[in-house]
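Numbering of ligands and ligand atoms starts at 1, following listing order. In what follows, every heavy atom counts, from backbone to side chain, and hydrogens, waters and symmetry copies are set aside.
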Amino acid sequence: MDDLLAFVRAQLDADVQVALAVFRSRVRADGSKIMSIDPPGFPDLPVAEVIDTPTAEHIARWSGQRVLAEVEAKRRILDLHIGAHDCTEIHTGVYPDDWPADAGWGKAGERWAHAANEHFEADQPCPTVRLLAQPYAGRDGWREEWRA
Ligand SMILES: [Zn+2]
């Protein structure tokens, strides 16, 4: 679990560095104002490149400010999952073909999902931390055993 926590924290740190680099690049950019992402302390910075509206919207939604807020929220979620703790696990399956029609729930061939609180020891990656790691799958240090 410590390795997974360290891996996710390192990825979040990298996200922050990239977000801060965007801030810095916008400070250096000159040219006419096309859109403003307004990073903290640098309102109404010009951007030097013409981009289409969907791309501009995407960039605005994933501005440095947004990335920093996402990283902070994820760091706080990680803090809630350190050491031995109880965490929610989702179990899924399919009702078997011979599932009785009069069982009162479910239907043969239908998917089911059940959430249950389970205890995870400090060395067991819980589902929440594994899920937080998924966007970083395949990066240096990633382990397939962390795939959720
Ligand atoms: Zn957890």
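- In this structure a side-chain-to-backbone donor-acceptor pair under 3.5 Å is missing from Gln11 to Ala133.
- Other residues, nucleotides and ligands contribute more than 12 heavy atoms inside 6.0 Å of the CG atom of Asn117.
- Applying the side chain to side chain contact (heavy atoms under 4.5 Å, CB included) criterion to Asp79, with sequence neighbours excluded, gives Arg9, Ile82.
- Counting only protein N, O or S atoms, 4 lie closer than 2.8 Å to the Zn ion (ligand 1).
- Annotation for His119: atom NE2 counts as buried by contact number, over 12 foreign heavy atoms lying within 6.0 Å.
- Taking the six-membered ring where the residue is Trp, Tyr95 and Trp99 present tilted rings, their angle falling between 30° and 60°.
- Gln134 contributes a side-chain N or O that, together with a main-chain N or O of Trp146, makes up a donor-acceptor pair within less than 3.5 Å.
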